[in-house]
Amino acid sequence: MLVDPSLGVRVRGRNALPPVDLVLLSHCHEDHTAALPLFRDAPVYVHEEDLPGLVDFDGFLSIFGVEPERREEYGHFLKTTFFYEPRPDAVPFRDGDLFDLGGGVSVRVNHTPGHTRGHCVLLVEPDGVLFLGDIDLTGFGPYYGDAWSDLEAFERSLELVRGIEARHYVTGHHIGLLDDRDAFLGRLDHYVARIADRERRLLECLAEPRTMDEIVAHRFVYRPHDEGAGIAKAERNSMQLHLDRLERDGRVEREGSKYRAA
Ligand SMILES: [Zn+2]
């Protein structure tokens, strides 16, 4: 079983791996599917809510929320840099599904939406290995900058993973393997705290009324000098989720096109 055929798998090639006869995806994002074309003969499984991203390219683009005028440019980028190929044969799984790998080894699906609608963490037993996907515990903090991202679902998912007892924790991206539950919990605390930190800085900034463009230019998720494909858009999507919540809670008010702290 291979989880998340990433760019790294693509670079190393299929011959560098043990035989693969089953591919599971933690979620449908370009960097987690880049090597999927190397495994056309293996069944691929993904949570039912991310399935549209594998079925066809339109579904894949809707995960990111690409505007019609940017579809061609961004679509080209996804195909040439991340080798996107649809897998209309992909099989959906659901929360609680169990993959029996034989020999007493199993993989249990835990649905942890927020990063994408169908993001899941996978618990491999009996060894107690929890694959966290893009609940990646980095210093950057949680990413909820796409059309299919959801801040409050992400927060609930972070509480859910805190309660999963495992002995080894594996993240996507560069943190890698943590062999210690205390190390995992420490990293998780810092990761969760990034959300409140973004929200606190946003509220401070809204002591003065600001337009969304000003909020995006200020940067609360990325650094002010971070530029590049999709960064302003991800910043905007993320801040919209915070603003929606703050407005709903009566902590932010709107004045025309501007937001200000209540
Ligand atoms: Zn992702």
Side-chain angles (χ1 to χ4, degrees), residues 2-11 23-37 44-55 57 59-66 74-75 77-79 81-87 90 92-93 95 109-122 130-158 160-161 169-177 187-188 191-192 194-195 198 221-222 226 228-241:
L2 172 67
V3 179
D4 287 359
S6 62
L7 272 177
V9 171
R10 187 165 185 109
V11 168
V23 178
L24 297 191
L25 298 181
S26 63
H27 66 296
C28 190
H29 261 168
E30 75 286 9
D31 47 338
H32 295 251
T33 58
L36 199 51
V44 54
Y45 291 79
V46 67
H47 188 272
E48 58 185 352
E49 292 198 51
D50 273 9
L51 182 70
L54 277 189
V55 170
F57 195 53
F60 197 53
L61 289 178
S62 46
I63 291 178
F64 305 98
V66 182
Y74 198 61
F77 166 72
L78 289 175
K79 283 180 181 166
T81 308
F82 292 101
F83 312 99
Y84 178 83
E85 268 186 26
R87 282 293 297 263
F93 56 62
D95 184 53
V109 172
N110 291 272
H111 185 207
T112 50
H115 181 71
T116 63
R117 289 178 186 163
H119 187 281
C120 291
V121 301
L122 304 166
L130 184 62
F131 185 80
L132 291 159
D134 272 356
I135 298 179
D136 59 10
L137 307 181
T138 56
F140 176 86
Y143 176 92
Y144 38 86
D146 289 337
W148 285 21
S149 301
D150 183 321
L151 170 59
E152 289 176 357
F154 210 139
E155 291 174 320
R156 288 191 293 274
S157 293
L158 290 168
L160 187 142
V161 297
Y169 300 84
V170 184
T171 75
H173 304 288
H174 56 271
I175 299 300
L177 175 65
R187 280 210 172 268
L188 183 63
Y191 191 70
V192 170
R194 296 294 294 146
I195 298 174
R198 292 166 185 167
V221 177
Y222 292 92
D226 284 338
I231 284 185
K233 181 169 154 46
E235 182 81 36
R236 180 177 301 265
N237 287 343
S238 304
M239 286 302 104
Q240 192 65 61
L241 294 172

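Order of listing sets the numbers, starting from 1, for every ligand and every atom in it.
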Specify whether an N/O/S atom of D134 falls short of 2.8 Å from the Zn ion (ligand 1).
yes
So, H32 and the Zn ion (ligand 1): N/O/S under 2.8 Å, yes or no?
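Here the distance criterion (N, O or S atom, under 2.8 Å) is not met by H32, so no.
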Give the minimum heavy-atom separation between F154 and Y143, together with the two atoms involved.
CE1-O, 3.3 Å
Looking only at non-hydrogen atoms, find the nearest pair between R198 and F140 and report the distance.
NH2-O, 2.7 Å
Could you tell me the angle subtended at the Zn ion (ligand 1) by ND1 of H29 and NE2 of H27, rounded to 10°?
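Result: 100°, to 10°.
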Could you walk me through whether H111 and H27 pass the ring-ring contact (aromatic ring centres under 6.0 Å, His included) test, one step at a time?
CA-CA 10 Å; H111 185 207; H27 66 296; over 10 Å; no
Partner of F131 by side chain to side chain contact (heavy atoms under 4.5 Å, CB included), out of T171, L24, V121, L122
L122
Kindly give the atom name of the N, O or S atom of H115 closest to the Zn ion (ligand 1).
NE2
